[in-house]
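Because only heavy atoms are used, hydrogens play no part in the values below, and waters and symmetry mates are left out as well, while side chains stay in. Numbering of residues begins at 1 and proceeds along the displayed sequence.
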Amino acid sequence: MKLVVLDGYTLNPGDLDWQALATFGELSVFDRSAPEEVLIRSQDAEIIFTNKTVLDAAVLSQLPKLKYIGILATGTNVVDLEAAKALGIVVTNVPGYGPDAVAQMVFAHILHATQQVAVHSDAVKQGAWCESKDFCFTLTPLQSLKGKRLGLIGFGDIGKAVAQIGQAFGMNILVNTRNPQIKLPDGCRWVEQELLFSQSDIISLHCPLSPDTDKLIDAAVLEKMKSSAILINTARGGLIDEAALSVALEKGAIAFAGVDVLSTEPPLLDNPLLSAKNISISPHNAWATIEARQNLLNIAVDNLSSFTQGQVSHRVN
């Protein structure tokens, strides 16, 4: 059996082992595959793994031996699922491999904003502490998280992990989901979106991107937020109107934003958030702790193992 990994570098830049996949047959791993390379590399493959390399209907129709596609991620938009189904190709994904990693990044951005470690560390290295008349100094106001309202849009595995960490900091958790009857842990309260936007000190997005949530955070919503509010997005870049957020940050309509995702990735140089003030941007790597990546690979191997045994786990088509 021939297996091909089309873009393995992001998952495994060299610190994980592909051997578990190699036990299933002849394995070829490519760090990246340009669109014009996909067909050549996939010829005669029965099994293909992809992270962000697109497998559309035109490509799939030219791979007659292909039986299985393993998406090395949770999102499935890189594969034409209907075309795969029509061709009898099973497609699986890997959900829930790293909620703790993403929740950790949420608080990395929150603490970056509230503790201002980088600002003060840079100042110390430039000699400001050496020249200080006092034993300590602050360049910006520092904030305690205890007692703050943390608003969560969406309450899946990541949202739950964020809520748990927030509670450990003594925060009050507000939740908005599509289902107001959702059972919430003690200390979490379901509220309407408008109330969440207006009352939260920190808002963190954990919902999927859909026609209903596209540009959920627009100029009108940003105007409803506290001027001291912090906005965090580790979900999907399209949830935010980036031009509107840039304007809001510039005029102080909200205090800070921390994002791990942008509407186009890699971003274009003219993305307004790249030059906005009071924002921290991580390059969509909240998911990428070594532990989360190993878990992702383990689940991908288990998915393939189930398929070869006639049972399919995490099928998405």
4.5 Å side-chain heavy-atom contact, [X] and [Y]:
X	Y	result
Leu111	Leu145	yes
Pro95	His314	yes
Thr92	Phe307	no
Ser33	Asp7	no

Side chain to side chain contact (heavy atoms under 4.5 Å, CB included) evaluation trace for Phe49 with Val29: CA-CA 9 Å; Phe49 286 93; Val29 179; over 6 Å; no
Donor-acceptor contact present, side-chain Gln167 to main-chain Asp186, <3.5 Å: yes
Short side-chain to backbone donor-acceptor contact, Asp44 and Lys65, under 3.5 Å: no
CA sep, side-chain torsions, deciding dist, call: Phe197, Ile153, side chain to side chain contact (heavy atoms under 4.5 Å, CB included): CA-CA 10 Å; Phe197 289 139; Ile153 301 292; 4.2 Å; yes
Transitive ILVMFWY cluster of Ile89, excluding itself - 4.5 Å side-chain cut-off: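 Once heavy-atom contacts under 4.5 Å are chained together, Ile89 belongs with Val4, Leu6, Phe30, Val38, Leu39, Ile48, Leu55, Val59, Leu60, Leu63, Leu66, Ile69, Ile71, Val78, Val79, Leu81, Leu87, Val91, Val316.
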Connected-component partners of Val261 among ILVMFWY, side-chain separation under 4.5 Å: none
Residues which pass ring pair (Phe, Tyr, Trp, His ring centres under 6.0 Å) with Phe107, listed by chain and number, not counting sequence neighbours: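 Counting only residues at least two positions away or on another chain, Phe107 forms a ring pair (Phe, Tyr, Trp, His ring centres under 6.0 Å) with Phe169.
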Residues Asp100 and Gln104: side-chain donor-acceptor under 3.5 angstrom: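 No, no side-chain donor-acceptor pair sits under 3.5 Å.
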Trace of the side chain to side chain donor-acceptor pair (under 3.5 Å) decision for Arg293 with Asn295: CA-CA 5 Å; Arg293 288 185 289 109; Asn295 193 34; over 6 Å; no
Residue pair Ser198, Glu194: steps toward the side chain to side chain donor-acceptor pair (under 3.5 Å) verdict: CA-CA 6 Å; Ser198 64; Glu194 187 163 343; over 6 Å; no
Test salt bridge (charged side-chain N to carboxylate O under 4.0 Å, His left out) applied to Glu223 and Lys251, step by step: CA-CA 11 Å; Glu223 287 294 333; Lys251 68 180 185 180; 2.8 Å; yes
Derivation of the side chain to side chain contact (heavy atoms under 4.5 Å, CB included) call for Thr234 and Trp287: CA-CA 9 Å; Thr234 55; Trp287 66 280; over 6 Å; no
Test log, rule side chain to side chain contact (heavy atoms under 4.5 Å, CB included), inputs Val301 and Phe24: CA-CA 9 Å; Val301 171; Phe24 290 91; 4.0 Å; yes
